[in-house]
**Student:** 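Have a look at this one.
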There are 2 protein chains.
Amino acid sequence: MSITIKDVARQAGVSIATVSRIVNGQKGYGEKTKERVLKTIEELGYTPNAIARGLVGRETKSIGVLLPKLSGLFASKLLEGMEETARNEGYSLFVCHTDSKEDRAIQDLQVLKEKQVDGIIYASDQLSESQGQMLNSMVCPAVFVSTQSLTHPFPYVKVDDYQAACTGTRYLIEKGHKQIAFIGGSLEDPIAGKPRDEGFRRTMKDHHLKVEESLTAYGDFRFQSGKESFKNILKAEKPFTAVFAVSDEMAAGVLSAAYEQGISVPDDISVLGYDNTMAAEMAIPPLTTMAQPLEEMGQKAVELILSLRENKENINKNEIVKHRLIERKSVLERSKTKGLFL
Amino acid sequence: MSITIKDVARQAGVSIATVSRIVNGQKGYGEKTKERVLKTIEELGYTPNAIARGLVGRETKSIGVLLPKLSGLFASKLLEGMEETARNEGYSLFVCHTDSKEDRAIQDLQVLKEKQVDGIIYASDQLSESQGQMLNSMVCPAVFVSTQSLTHPFPYVKVDDYQAACTGTRYLIEKGHKQIAFIGGSLEDPIAGKPRDEGFRRTMKDHHLKVEESLTAYGDFRFQSGKESFKNILKAEKPFTAVFAVSDEMAAGVLSAAYEQGISVPDDISVLGYDNTMAAEMAIPPLTTMAQPLEEMGQKAVELILSLRENKENINKNEIVKHRLIERKSVLERSKTKGLFL
DNA sequence: TCCTTTTACGTAAACGTTTACTCTTTTTAA
DNA sequence: TTAAAAAGAGTAAACGTTTACGTAAAAGGA
């Protein structure tokens, strides 16, 4: 069907080896030959076949990405960072939506293995035991982004969630808040759930503040769960002046629930988010939030993959990226907010 | 390095042809041989090499997707629909972020061609002349989703934007609104920009309503442009009671600008969005919006690709999917809204 | 000048599959 | 029983590259 290197070779009256060398910018041919071949390539509209290349060269210039959720601002921002870097390095991205389902992820890993990807990026989800085993059995490097695994020590790039939660909580406290509600991720999640909870509790304790259990709730980082969590917190009718939700989507959920109940943010209560996705920008009021540098993380993840491909020796390639508090409009000083159930 | 079909064959004492047949579920071997080979495969942990398969079978089970923007709810919802269907059919997705840049898209197309994808999905952006030529020169089928091209008639799946804009406008009019502001996409965009504008104007005219030009503005479908467009509209100080923004992100932008100006939605003005992404759900108030069935569109797009691969003959494969108005809280009847500058 | 090195190529093997042909052996049908 | 058909298996070519190796001619050095 399509034009191959053989066609070019025949047409230009040279061997395929010469064409190959010219195409790949190696040396071993004269200037005139080069021009003739290049012209033939142009005329015939020859495009090298990356599949054939991949077979002999044993690299495919493609990277597999596993994401629990594709829709959602978190994933897309991460993905954008990866795409940009991958593209610049000549790589393409296979993106897979695991939906946090064990079997889907396994299937994805299997497919990526068959497709001989040069690396795998496992993003923002917990790794199960069997997934870890699959990852280990792969010949290509794997890295985590915005997650990690205690049992399977692949390199990761993430923020220090514990510290970030501390920073966020401290920020609220410094603004004068003492009665703070908390909406976390699942405590069963040892990576993104537990540490943020611990950071929150630790910081409260360090400031001799009590965390009222009925002011805590745990969701799945998504909008709806934030909304419901906040409604539950409201039911307790315990006094509070601020709420820390550990994802912007959940924070948007509290904004939404608050709006339904006629509670004003930030006049009645302050709300602090986490992630700094577009949800934070678009929210009303715009969310003050603990930023994760998601594009940068995506970028670092593919850079990490690439560097692992070169130096097989790679102890301690982990990257802790810096979190940063972005002030917008959803948090006010204690003195300026009314509070609820006081 | 890794285990190949040869290793399996040798170990099991059969030829590679037999292993191949067994792996691919063809026939031509005995039950006992099959079991022995399967056991060997298990023991050795053999995984077929899709690259080699792709070379001989001339299909790669992968599809390239070109999106102007990865971050953003629109793209991610579309992508989720595609991924689901692709996965079920055994395909993987290469996703590319063109950023609406001519050269990036060309580069992407080139790479996808080299990687021998089985199909290309071009999403939600205008096709340039040279991109169209590249698409034509590809051996694999290409389809549009949420866009189309007048000069390059590839099959597409999209809503009828003109009709959808009509429906949206009519909805507002039926609610009693007469002075309606409009925030459209670029009029230079003959696919997603112009038709919505025309639908709006036509419907206004059909109802003997005047469109006040200073109440119209044109953005790029993104949040910021919606925000700025609305601020410009405000500057005109012309009376209006509702605004129709042709993307949820832009509608969220008007919500945001309105909030900043102390304008209440929906008490002062009604706002109608377009797309029905999560932005509409999360907005405050939740947006009434013209829904595009994005997952379904993603699904249809890959189905279309797949069907094009079988029947080479494919006249009129276009799919117009149904738009639908989703009522939430951002539009009120005229009698219940105060309006601005009256 | 002659020998050595470099340059400019061509040949052919390899990469891991699938598949069209073979060739036996077994089963089926008459 | 026997011819025909089916089943079970192997051989080898092909897919489109890259690359190690070989070789002849050109260039360089003394």
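Throughout, protein chains are lettered first and strands after them, A, B, ... in sequence-line order, and every chain is numbered starting at 1.
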**Student:** May I ask you to say what A:Gly57 touches in the nucleic acid, namely base, sugar-phosphate or nothing, with a heavy-atom cut-off under 4.0 Å?
**Tutor:**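 Here A:Gly57 touches no strand at all.
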**Student:** State whether the side chain of A:Glu80 and the backbone N or O of B:Ser71 hold a donor-acceptor pair below 3.5 Å, judged by distance alone.
**Tutor:**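 A pair under 3.5 Å: yes.
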**Student:** Looking at D:dT17, D:dA9, C:dT17, which one has an atom nearest to any side-chain atom of A:Ile5?
**Tutor:**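 The answer is D:dT17, which lies nearest to the side chain.
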**Student:** So B:Ile16, base contact, sugar-phosphate only, or nothing? Heavy-atom distance under 4.0 Å.
**Tutor:**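 B:Ile16: base contact, heavy atoms under 4.0 Å.
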**Student:** For A:Thr18, answer base if it contacts any base atom (sugar-phosphate contacts may also be present), sugar-phosphate if it contacts only those atoms, and nothing otherwise; contact means non-hydrogen atoms under 4.0 Å.
**Tutor:**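 Sugar-phosphate, no base atom in range.
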**Student:** Look at the side chain of B:Thr4 and decide which nucleotide, out of D:dT18, C:dT17, D:dT11, has an atom nearest to it.
**Tutor:**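 When the side chain of B:Thr4 is considered, C:dT17 is the closest of D:dT18, C:dT17, D:dT11.
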**Student:** Quick check for you: among C:dT17, D:dT18, D:dT17, whose closest atom lies nearest to any side-chain atom of B:Val56?
**Tutor:**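 Per side-chain heavy atoms of B:Val56, the pick is C:dT17.
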**Student:** Quick one: is A:Asn49 getting a side-chain N or O under 4.0 Å of the D:dC15 phosphate, OP1 or OP2?
**Tutor:**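 The answer is no; no side-chain N or O of A:Asn49 sits under 4.0 Å from OP1 or OP2.
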**Student:** Consider only side-chain N and O atoms of A:Gln131 and A:Glu102, and report whether a donor and an acceptor are under 3.5 Å apart.
**Tutor:**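 Yes.
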**Student:** Can you measure B:Tyr29 atom OH to C:dT26 atom C1' for me and round it to whole angstrom units?
**Tutor:**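 Rounding to the nearest Å, OH of B:Tyr29 and C1' of C:dT26 are 18 Å apart.
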**Student:** Nearest whole Å is fine: how far is D:dA26 C1' from A:Glu31 CD?
**Tutor:**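 Answer to the nearest Å: 17 Å.
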**Student:** At less than 4.0 Å, is any side-chain N or O atom of A:Arg58 found next to OP1 or OP2 of C:dC15? Yes or no.
**Tutor:**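 A:Arg58 to C:dC15 OP1/OP2: no side-chain N or O under 4.0 Å.
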**Student:** Is a donor-acceptor pair below 3.5 Å formed from side chain B:Arg21 to base D:dG10, judging by atom type as modelled?
**Tutor:**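 Side chain to base: pair present.
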**Student:** Between C1' on C:dT17 and CD on B:Gln116, what's the gap in Å once rounded to a whole number?
**Tutor:**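 Interatomic distance, CD of B:Gln116 to C1' of C:dT17: 16 Å.
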**Student:** Between B:Ser20 and C:dT18, is there a contact of a side-chain N or O with OP1 or OP2 at under 4.0 Å?
**Tutor:**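 Answer is yes, contact under 4.0 Å.
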**Student:** Using a strict cut-off of less than 4.0 Å between a Lys/Arg side-chain nitrogen and an Asp/Glu carboxylate oxygen, indicate whether B:Arg309 and B:Glu59 qualify as a salt bridge.
**Tutor:**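 Result for this pair is yes, salt bridge flagged.
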**Student:** Surrounding NZ of B:Lys61 (heavy atoms of other residues, nucleotides or ligands, distance under 6.0 Å), is the total greater than 12?
**Tutor:**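 Count over threshold, so yes.
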**Student:** OP1 or OP2 of D:dG8 less than 4.0 angstrom from a side-chain nitrogen or oxygen of B:Thr33, does that happen here?
**Tutor:**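 For D:dG8, OP1/OP2 do not have a side-chain N/O of B:Thr33 under 4.0 Å.
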**Student:** Of A:Lys27 and A:Gly13, whose nearest nucleotide on DNA chain C comes first from the 5' end?
**Tutor:**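 This one resolves to A:Lys27.
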**Student:** Rounded to the nearest Å, what distance is computed from the CD1 atom of residue A:Ile22 to the P atom of nucleotide C:dC9?
**Tutor:**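 Interatomic distance, CD1 of A:Ile22 to P of C:dC9: 8 Å.
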**Student:** Using atom CD of B:Gln26 as one end and atom P of D:dA9 as the other, report the distance to the nearest whole Å.
**Tutor:**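 In whole Å, D:dA9 P lies 15 Å from B:Gln26 CD.
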**Student:** B:Arg53 has an atom CZ; how far is it from atom P of D:dG16, in whole Å?
**Tutor:**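 My rounded result for the distance is 19 Å.
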**Student:** For A:Lys32 and C:dC9, give me the distance from atom NZ to atom C1', rounded to whole Å.
**Tutor:**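 The distance from NZ of A:Lys32 to C1' of C:dC9 comes to 15 Å, rounded to the nearest Å.
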**Student:** Rounded to the nearest angstrom, tell me the gap between atom CG in B:Asn24 and atom P in C:dG16.
**Tutor:**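 Rounded to whole Å, this separation is 17 Å.
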**Student:** Any chance the side chains of A:Gln116 and A:Arg58 put a donor and an acceptor closer than 3.5 Å?
**Tutor:**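 No.
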